[in-house]
Student: 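Following this message is one structure expressed as structure tokens.
Computed over heavy atoms, backbone and side chain alike; hydrogens, waters and symmetry mates excluded. Count residues from 1 along the sequence.
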Amino acid sequence: NARSIISKRTNVGVNQAYMFFIYTNNRITLDVVTNNDRFDSNPFSLAANTNYIMSASFDGSLAASQRSKIFNGQTLLATSIETSTAMPDYFSPLVIGATNVGDPRPFDGHMGEVIYYRRTLNTTEKIAVDNYLSSKYNIPIAVNDFYLGDSPANGDFDREVAGIGQVSATDNHNAFSSSASGGFGISYNSGYNNGDYVFIGHNLPANSGNTTDVAVVSGGPIQLRWNRIWYVDVTNTAALINTTLTFDISDGGMGSGVVAGPHSNYKLLYRAVNAGVWTIVSTATGSGGDQVYFNYNFSNNADDGYYTIGTLDMFVSPLPIELLSFDVELIENNKVDLTWQTATEINNDYFNIEKSREGLTWVNIQKIKGAGNSTNTLNYATTDENPFSGISYYRLKQTDFDGNFKYSEIRSVYINKGGSELRIYPNPTEGIVYLELENINISEVNITNTLGKNITSKINLIQVSDDKISANFELCAIGIYFISVNDKVIKVEVK
């Protein structure tokens with residue numbers, strides 16, 4: 001049976017733009033524009049219980065014999081003739097995990113990630129994508145592995161790996177934005193030779209400020225640095241690779257603060273191992289909005305190591321920080337305790353505590369003064385004396401002295417304030433649950449996820465009897481959901 005990864009067709013050969021799938025003898029197979037030039041990865045076959053980075057490409061501008069290709073990571077498995085020169089925009093749905101809508105044959109495996117490009121990547125771009133995937137999913141690539149920061153010896157810096165480089169003068173990749181790697185972007189200026197690459201990756205899911213691990217060899221003192229550190233892996237064959245490095249406050253998860261003060265306060269920090277004293281290797285050459293720029297040369301493997309940004313004056317030239325934590329807890333008498341903790345605060349005027357019944361419409365229930373500027377870890381707490389019956393959603397709105405603000409993540413609690421009991425079972429569930437309540441009907445049921453988004457329309461609800469409804473969560477992701485009937489709400493865990 002064909003086990004499709006991704007396809008765009010109405011049926012076999014009907015409105016068929018492409019299908020990338022596993023077929024005879026577990027070979028990777030590609031159809032482009034109907035089935036007339038189908039080819040596969042013979043003799044290469046996929047093994048069960050094994051992870052792969054599989055990809056295919058089509059470029060109608062090439063000679064017919066070179067238009068279609070199949071890869072396993074960086075290894076080219078097959079190149080085949082494709083008579084079509086373009087891929088028509090057929091009126092057919094894009095489907096992941098099945099050959100077409102209505103075909104019951106499943107992919108029969110797990111997919112960690114599917115990336116789709118509307119143009120053919122050049123070789124350098126594909127190297128960058130495969131190094132990102134190899135690091136993220138711990139899948140080795142046999143050739144062109146240019147990032148070693150994902151190894152345990154180097155600290156598993158395998159988050160948001162990105163890179164620049166050059167295969168040839170006409171095949172290169174010159175920049176990635178700060179949003180690609182957690183707040184740190186690189187653009188190429190000069191010095192490329194064939195085979196030159198600079199790759200980076202980090203190891204922290206959330207960023208924050210650090211005022212303790214800031215000792216430098218000279219040129220300090222550094223008062224504050226980002227807690228997020230990037231491992232940089234340089235492959236350089238000859239001339240210095242001159243780049244512009246960009247650190248972005250919002251892309252770095254550090255709020256919406258604007259870069260202030262002289263840009264000379266901002267320093268690029270480096271150390272060869274992920275511990276010990278830092279070296280200031282560059283001073284910022286400019287800033288604007290919420291970005292700081294460095295002009296920096298990468299030499300060779302000697303520049304491999306750990307990099308981040310720091311400031312000489314955390315008050316004049318801040319690196320704004322996020323909350324360390326925000327929690328809500330139901331206590332006695334149906335009250336809700338809200339607690340949060342900050343690290344260094346810079347220009348923090350006040351917090352608004354906001355509440356919502358459904359996670360969409362918010363009301364301010366309290367305003368609490370911030371510390372302004374502080375280098376200490378601070379704890380805040382308050383209590384909501386009158387939460388909603390059912391689910392109450394909460395968030396913090398933190399506002400600076402200049403009016404800039406940012407929101408925390410959303411937290412929620414459930415309170416049953418009495419009345420006839422809503423029963424939901426089985427809970428946890430792997431698919432179907434039953435709702436029981438006197439005189440219940442489908443029109444009363446609402447289902448939301450943890451972000452407050454209403455997903456009722458995606459759930460198949462069936463009226464079993466006057467007092468019972470079934471709800472099918474089989475197509476939902478694993479996680480927590482809330483089923484509400486009027487003012488009665490129960491949390492459901494889908495496994």
Student: If you compare all heavy atoms of Val101 against all heavy atoms of Pro93, which two are closest, and at what distance to 0.1 Å?
Tutor: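 In this case the closest contact between Val101 and Pro93 is CG2-CG, 3.8 Å.
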
Student: Indicate the ring-plane relationship of Tyr481 and Phe473, choosing parallel, tilted or perpendicular according to the 30° and 60° boundaries.
Tutor: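 Because their plane-to-plane angle lies in the 30° to 60° range, the rings of Tyr481 and Phe473 count as tilted.
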
Student: To check you understand the geometry: which heavy-atom pair defines the closest contact between Thr29 and Asp40, and what is its length?
Tutor: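 Between these two residues, the closest heavy atoms are OG1-CB, 3.5 Å.
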
Student: Verify side-chain hydrogen bond (donor to acceptor under 3.5 Å, both in side chains) between Asp171 and Thr124, making sure each step is shown before the conclusion.
Tutor: CA-CA 6 Å; Asp171 189 325; Thr124 314; 2.8 Å; yes

Student: When you check the side-chain N and O atoms of Tyr197 and Asn131, is any donor under 3.5 Å from an acceptor?
Tutor: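 There is no such pair between these side chains.
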
Student: Tyr306 pairs by ring pair (Phe, Tyr, Trp, His ring centres under 6.0 Å) with which of Phe157, Tyr270, Phe184, Trp278?
Tutor: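 Running ring pair (Phe, Tyr, Trp, His ring centres under 6.0 Å) over Phe157, Tyr270, Phe184, Trp278 with Tyr306 returns exactly one hit, Phe157.
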
Student: For a 4.5 angstrom cut-off between non-hydrogen side-chain atoms, does Tyr132 reach Tyr147?
Tutor: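 The answer is no, as the side chains (C-beta and beyond) never meet within the 4.5 Å cut-off.
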
Student: Given Glu354, which of Arg411, Arg395, Lys367 fulfils the salt bridge (Lys or Arg N to Asp or Glu O under 4.0 Å) condition?
Tutor: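 Result for salt bridge (Lys or Arg N to Asp or Glu O under 4.0 Å) with Glu354: Arg395.
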
Student: Are the side chains of Tyr52 and Asn72 in touch, meaning some heavy atoms are under 4.5 Å apart?
Tutor: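 In short, these two side chains touch, coming nearer than 4.5 Å.
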
Student: Hey, what's the ring geometry for Trp226 with Trp230, parallel, tilted or perpendicular (30° and 60° as the breaks)?
Tutor: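 The rings of Trp226 and Trp230 sit tilted, inter-plane angle from 30° to 60°.
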
Student: Verify side-chain hydrogen bond (donor to acceptor under 3.5 Å, both in side chains) between Glu125 and Tyr117, making sure each step is shown before the conclusion.
Tutor: CA-CA 11 Å; Glu125 291 170 328; Tyr117 293 94; over 6 Å; no

Student: Determine whether Asp248 and Ser250 satisfy the following criterion, side-chain hydrogen bond (donor to acceptor under 3.5 Å, both in side chains), listing intermediate values before the conclusion.
Tutor: CA-CA 6 Å; Asp248 187 292; Ser250 57; 2.9 Å; yes

Student: What salt bridge (charged side-chain N to carboxylate O under 4.0 Å, His left out) pairs are there with at least one residue in residues 202-229, not counting sequence neighbours?
Tutor: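 For residues 202-229: Asp213-Arg225, Asp213-Arg271.
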
Student: Assess whether side-chain hydrogen bond (donor to acceptor under 3.5 Å, both in side chains) is satisfied between Asn242 and Asn295, documenting all intermediate values.
Tutor: CA-CA 7 Å; Asn242 180 256; Asn295 187 277; 3.0 Å; yes

Student: Less than 4.5 Å apart, side chain to side chain, heavy atoms only: is that true for Gln16 and Ser92?
Tutor: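 No; the side chains remain at least 4.5 Å from each other.
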
Student: If we ignore angles and hydrogens, is there a donor and acceptor under 3.5 Å between the side chains of Thr237 and Asn194?
Tutor: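 Not at all, the side chains of Thr237 and Asn194 share no donor-acceptor pair under 3.5 Å.
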
Student: Are any of the side-chain heavy atoms of Val234 and Ser299 separated by less than 4.5 Å?
Tutor: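 Val234 does not reach Ser299 side chain to side chain.
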
Student: Could you point out which residue of Asp251, Leu245, Ile249 forms a side chain to side chain contact (heavy atoms under 4.5 Å, CB included) with Ser178?
Tutor: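 When side chain to side chain contact (heavy atoms under 4.5 Å, CB included) is applied between Ser178 and each of Asp251, Leu245, Ile249, only Asp251 qualifies.
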
Student: Checking side-chain contact (heavy atoms from CB on, under 4.5 Å) for the pair Phe351/Tyr380: CA distance, chi angles, key distance, verdict?
Tutor: CA-CA 10 Å; Phe351 297 95; Tyr380 295 85; 3.7 Å; yes

Student: Looking only at heavy atoms, which two atoms of Cys476 and Ile455 are closest? And how far apart?
Tutor: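 Reported closest heavy-atom pair: SG-CD1, 4.3 Å.
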
Student: So which atom in Ser68 and which in Phe58 form the shortest heavy-atom distance, rounded to 0.1 Å?
Tutor: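 Looking at all heavy atoms of both residues, the closest pair is OG-CD1, 3.8 Å.
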
Student: Closest approach of Gly163 and Ala128, non-hydrogen atoms and distance?
Tutor: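 That would be O-CB, 4.2 Å.
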
Student: Any side-chain heavy atom of Lys8 sitting closer than 4.5 Å to one from Asp89?
Tutor: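 Sidechains of Asp89 and Lys8: in contact.
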
Student: Check whether any side-chain N or O of Asp233 sits under 3.5 Å from a backbone N or O of Leu148 as a donor-acceptor pair, and report yes or no.
Tutor: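 Side chain of Asp233 to backbone of Leu148: a pair is present.
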
Student: For residues Thr383 and Gln366, report the shortest heavy-atom separation together with the two atoms involved.
Tutor: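 Scanning both residues, the minimum pair turns out to be O-OE1, 4.5 Å.
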
Student: A side-chain contact here means heavy atoms from C-beta on lying under 4.5 Å apart; do Ile200 and Ile186 qualify?
Tutor: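 Contact flag for Ile200/Ile186 side chains = yes.
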
Student: For Asp313 and Asn265, which I'm curious about, is there any donor-acceptor pair between the side chains at under 3.5 Å?
Tutor: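 Side chains of Asp313 and Asn265: no pair found under 3.5 Å.
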
Student: With a cut-off of 6.0 Å (strictly less than), are more than 12 heavy atoms of other residues, nucleotides or ligands near CZ of Phe91?
Tutor: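 No, not enclosed.
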
Student: Partners of Phe176 by ring-ring contact (aromatic ring centres under 6.0 Å, His included), sequence neighbours excluded?
Tutor: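 ring-ring contact (aromatic ring centres under 6.0 Å, His included) check on Phe176 returns nothing, list empty.
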
Student: Taking Thr456's backbone N and O only, do any of them form a donor-acceptor pair with Asn454's side chain (distance below 3.5 Å, no angle check)?
Tutor: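 Between the backbone of Thr456 and the side chain of Asn454 there is a qualifying donor-acceptor contact (under 3.5 Å).
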
Student: Sub-3.5 Å donor-acceptor pair from the side chain of Asn210 to the main-chain atoms of Thr212, do we have one?
Tutor: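 The answer is yes, because a donor-acceptor pair under 3.5 Å joins these two groups.
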
